[in-house]
**Q** 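Let me give you the structure first, and then I'll get to my questions.
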Amino acid sequence: MSKIALITGITGQDGSYLAEFLLNKGYEVHGIKRRTSLFNTDRIDHLYQDPHEKHRRFFLHHGDMTDSSSLIRIIQNVQPDEIYNLAAQSHVGVSFEEPEYTGNADGLGTLRILEAIRLLGLAKKTRFYQASTSELYGKVQEIPQSETTPFYPRSPYAVAKMYAYWMTVNYREAYDMYACNGILFNHESPLRGETFVTRKITRALARISLGLQNTLYLGNLDSLRDWGHAKDYVEMQWMMLQQDTPEDFVIATGVQHSVREFVDRAARHVGIELRWEGQGADEVGIVADVGLEPRVNIGDVIVAVDPRYYRPTEVETLLGNPAKAKAKLGWVPKVTFEQLVAEMITRDLADARKDSLVRKHGFPVFERQE
Ligand code: NDP
Ligand code: GDR
């Protein structure tokens with residue numbers, strides 16, 4: 001009998017990679033998607049199986065993290081061996097604009113799943129993974145951060161995730177549930193949402209290099225992050241549920257780069273060398289040298305700071321210590337920073353080329369940047 005997994009947030013970056021990973025392991029995979037007025041399944045369309053097919057292993061259910069009844073119904077019907085709770089309003093900046101909703105979906109939403117497992121009598125059967133985050137460290141108390149570093153959340157998102165973290169620990173201790181937190185540092189991929197900084201950068205630089213966009217506007221260029229590849233990280237989400245006893249793990253690369261360094265690296269991939277001038281809100285990235293293809297000129301300002309992207313409270317520096325995951329799960333990240341940037345910008349260049357063709361043939365191409 002194949003194992004049954006239920007993934008909340010299956011339409012997101014991690015949900016897509018995890019669903020693919022579990023299907024390859026022979027699992028029957030169920031996912032919760034919320035109702036939207038347009039299709040929101042782009043990232044998992046390649047996994048979709050027609051509901052009329054007889055031997056399906058991939059199923060989608062309508063539900064919402066803010067709606068207990070839908071979560072209870074789905075968990076009761078699916079009777080999962082493993083639940084991966086990935087659904088969240090996951091944008092830190094947006095959480096300042098929607099703090100109550102973020103608390104509801106990310107904090108209480110986690111409690112709703114844990115309660116459903118308990119009330120349905122599944123506490124001994126169903127293993128639970130919580131998508132915890134390096135944002136818990138916030139105003140960091142120690143560098144690098146490990147499982148024992150104290151938390152100091154700096155956004156409504158991080159505070160909601162802290163509630164979810166401790167609820168997971170509490171249900172493990174109170175009801176002897178197999179429940180664990182993966183404290184994952186930033187992980188990216190070509191499937192990353194376009195409003196997170198890495199994807200925003202690779203997408204914009206690809207478009208700038210083809211003359212489809214003029215300027216990339218960013219917030220804090222000095223932020224330091226420990227960036228890994230989502231594909232590497234979902235494997236660890238699964239590994240955490242395969243141990244004899246449930247434990248919490250930090251997943252990180254142990255290498256840190258600034259936002260500015262990410263921009264430099266991505267620009268080089270499209271043949272642009274940048275020089276930086278000015279400071280703070282006045283800083284700009286100017287084309288210092290240019291290869292054959294890019295449709296920019298030396299001296300063009302292609303990166304500028306827009307303070308609208310600053311956050312009321314910033315997390316300045318995150319650097320993870322993955323020693324425990326290495327020792328107990330045998331984990332080392334496979335994809336390097338350089339490979340990650342290269343993969344992302346290559347995919348965004350391919351998309352930008354398609355848009356370029358569309359424009360060339362007289363059809364409109366709309367530009368947006370958030
Ligand atoms: P994404 O933002 O790409 O995906 C979030 C998923 O949650 C989407 O499927 C989204 O649906 C769904 N969702 C949002 N709100 C609700 C709701 N109210 N009810 C049901 N589903 C909802 O995030 P990632 O894949 O990058 O991250 C996965 C999880 O890991 C998140 O919980 C995130 O906070 C956490 N995390 C992520 C890290 C990272 O660097 N990526 C690092 C550490 C933790 P829709 O597609 O309709 O928007
Ligand atoms: P983060 O990711 O907040 O770390 O949360 P994000 O990519 O949004 O920001 C990283 C850093 O870049 C700075 N920054 C900008 N960020 C965005 N989004 N847009 C900009 O224009 C911009 N300019 C500079 C930010 O201020 C920040 O310092 C991600 C999410 O996936 C969370 O869900 C997850 O928990 C954490 O990673 C770990």
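Because only heavy atoms are used, hydrogens play no part in the values below, and waters and symmetry mates are left out as well, while side chains stay in. Bear in mind the structure is a predicted one, so any value in this text is a computation, not a measurement. When a ligand or atom number is given, it counts from 1 through the structure's own listing order.
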**Q** Tyr101 versus ligand 1: do any nitrogen or oxygen atoms come within less than 3.5 Å of each other?
**A**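 Yes, since at least one N or O of Tyr101 sits under 3.5 Å from an N or O of ligand 1.
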**Q** Between Arg192 and ligand 1, which part of the residue brings a heavy atom under 4.0 Å of the ligand: side chain, backbone, both or neither?
**A**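 Answer for Arg192: side chain.
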**Q** Charged N to carboxylate O below 4.0 Å: is that the case for Asp81 and Arg127?
**A** no
**Q** Among protein heavy atoms, which sits nearest to atom 2 (O) of ligand 2, and what does the distance come to when rounded to 0.1 Å?
**A** Asn186 ND2, 3.6 Å
**Q** Counting heavy atoms only, name the option from Val263, Asp106, Asn220, Leu136 that's nearest to atom 13 (C) of ligand 2.
**A** Asn220
**Q** At under 4.0 Å between heavy atoms, which part of His91 makes contact with ligand 2: side chain, backbone, both or neither?
**A** side chain
**Q** Does the pair Arg199/Asp348 count as a salt bridge with the N-to-O cut at 4.0 Å?
**A** yes
**Q** Report yes or no: does a heavy atom of Gly93 sit under 4.0 Å from some atom of ligand 2?
**A** no
**Q** Looking at ligand 2, does Tyr157 have a heavy atom less than 4.0 Å from it?
**A**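 For ligand 2, residue contact (heavy atoms, under 4.0 Å) with Tyr157 is present.
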**Q** Check for me whether Lys231 meets the cation-pi criterion with Tyr17, that is, NZ or CZ under 6.0 Å from the six-membered ring centre and within 45 degrees of the ring axis.
**A**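 So Lys231 doesn't make the cation-pi contact.
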**Q** In plain terms, say whether Glu247 and Lys328 are close enough for a salt bridge, that is, a side-chain N and a carboxylate O under 4.0 Å apart.
**A**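 Looking at Glu247 and Lys328, the cut-off is met.
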**Q** With a 4.0 Å cut-off on N to O distance, would you call Glu28 and Lys3 a salt bridge?
**A** no
**Q** Mind checking whether Tyr129 and Tyr84 have parallel, tilted or perpendicular rings, split at 30° and 60°?
**A**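 The arrangement is tilted - the two ring planes meet at 30° to 60°.
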**Q** Output yes when the distance from some N or O of ligand 1 to some N or O of Ser90 is under 3.5 Å, and no in every other case.
**A**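 Indeed, backbone or side chain, Ser90 has an N or O that close.
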**Q** What protein heavy atom sits nearest atom 5 (O) of ligand 2, and how far off is it?
**A**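 Going atom by atom, the protein heavy atom closest to atom 5 (O) of ligand 2 ends up being Val92 CG2, 3.6 Å.
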**Q** Can you tell me the protein heavy atom closest to atom 18 (N) of ligand 2 and the distance?
**A** Thr195 O, 3.0 Å
**Q** Can an N or O of Gly63 be found at a distance shorter than 3.5 Å from an N or O of ligand 1?
**A**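 It does not: no N or O of Gly63 is found under 3.5 Å from an N or O of ligand 1.
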**Q** Are Leu114 and Thr168 packed together at the side-chain level, in the sense that at least one heavy-atom pair is separated by less than 4.5 angstrom?
**A**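 The answer is yes; the side chains approach within 4.5 Å.
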**Q** Quick check: Gln13 and ligand 1, any N/O pair under 3.5 Å apart?
**A** yes
**Q** State yes or no: are the ring centers of Phe185 and Tyr233 separated by less than 6.0 Å?
**A**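 No - the distance between ring centres of Phe185 and Tyr233 does not fall below the 6.0 Å cut-off.
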**Q** Where is the nearest protein heavy atom to atom 31 (O) of ligand 2: which residue, which atom, and how far?
**A**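 Result for atom 31 (O) of ligand 2: Arg192 NH2, 2.9 Å.
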**Q** Looking only at protein heavy atoms, identify the closest one to atom 14 (N) of ligand 2 and say how far it is in Å.
**A**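 Protein heavy atom with the smallest distance to atom 14 (N) of ligand 2: Val197 CG2, 3.7 Å.
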**Q** So, do Phe151 and Tyr137 have ring centers that fall under 6.0 Å from each other?
**A**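 For Phe151 and Tyr137, the ring centres are under 6.0 Å apart.
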**Q** Where the closest heavy atom to atom 8 (C) of ligand 1 is concerned, which of Ile251, Leu184, Thr11 has it?
**A**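 When every heavy atom of Ile251, Leu184, Thr11 is considered, Thr11 comes closest to atom 8 (C) of ligand 1.
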**Q** Is any N or O atom of Tyr309, backbone or side chain, closer than 3.5 Å to an N or O atom of ligand 2?
**A**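 No, there is no polar N/O contact under 3.5 Å.
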**Q** For His187, is at least one N or O under 3.5 Å away from an N or O on ligand 1?
**A** yes
**Q** List the steps, then state whether side chain to side chain donor-acceptor pair (under 3.5 Å) holds for Glu82 with Gln237.
**A** CA-CA 11 Å; Glu82 296 170 6; Gln237 299 174 354; over 6 Å; no
**Q** Could you tell me, atom by atom, which parts of ligand 1 come under 4.0 Å of a heavy atom of Ser132?
**A** 43 (C), 44 (C)
**Q** Charged N to carboxylate O under 4.0 angstrom, Asp248 versus Arg172?
**A** yes
**Q** For Asn186, counting its heavy atoms only, list the atoms of ligand 1 lying under 4.0 Å from any of them.
**A**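 Near Asn186, the atoms of ligand 1 are 40 (O).
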**Q** Hey, looking at atom 36 (N) of ligand 1, which of Tyr157, Phe185, Tyr84 has the closest heavy atom?
**A** Tyr157
**Q** Is Ser223 touching ligand 2 with its side chain, its backbone, both, or neither, if touching means heavy atoms under 4.0 Å apart?
**A** side chain
**Q** Please classify the Lys161 to ligand 1 contact at 4.0 Å (heavy-atom distances, strictly less than): side chain, backbone, both or neither.
**A**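 For Lys161, only side-chain atoms sit under 4.0 Å from ligand 1.
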**Q** Relative to the heavy atoms of Ser90, which atoms of ligand 2 are at a distance of less than 4.0 Å?
**A**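 With Ser90 as reference, the close atoms of ligand 2 come out as 30 (C), 32 (C), 33 (O).
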**Q** Would you indicate which of Ser95, Ala88, Ala105, Ser189 comes nearest to atom 5 (C) of ligand 1 when only heavy atoms are counted?
**A**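 Going through Ser95, Ala88, Ala105, Ser189 one by one, Ala88 has the nearest heavy atom to atom 5 (C) of ligand 1.
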**Q** Flag Met65 as yes when one of its N or O atoms lies below 3.5 Å from any N or O atom of ligand 1, and as no otherwise.
**A** yes
**Q** Identify, for atom 21 (O) of ligand 2, the protein heavy atom at the shortest distance, and state residue, atom and that distance.
**A**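 Heavy-atom neighbour on the protein nearest atom 21 (O) of ligand 2: Lys200 NZ, 2.8 Å.
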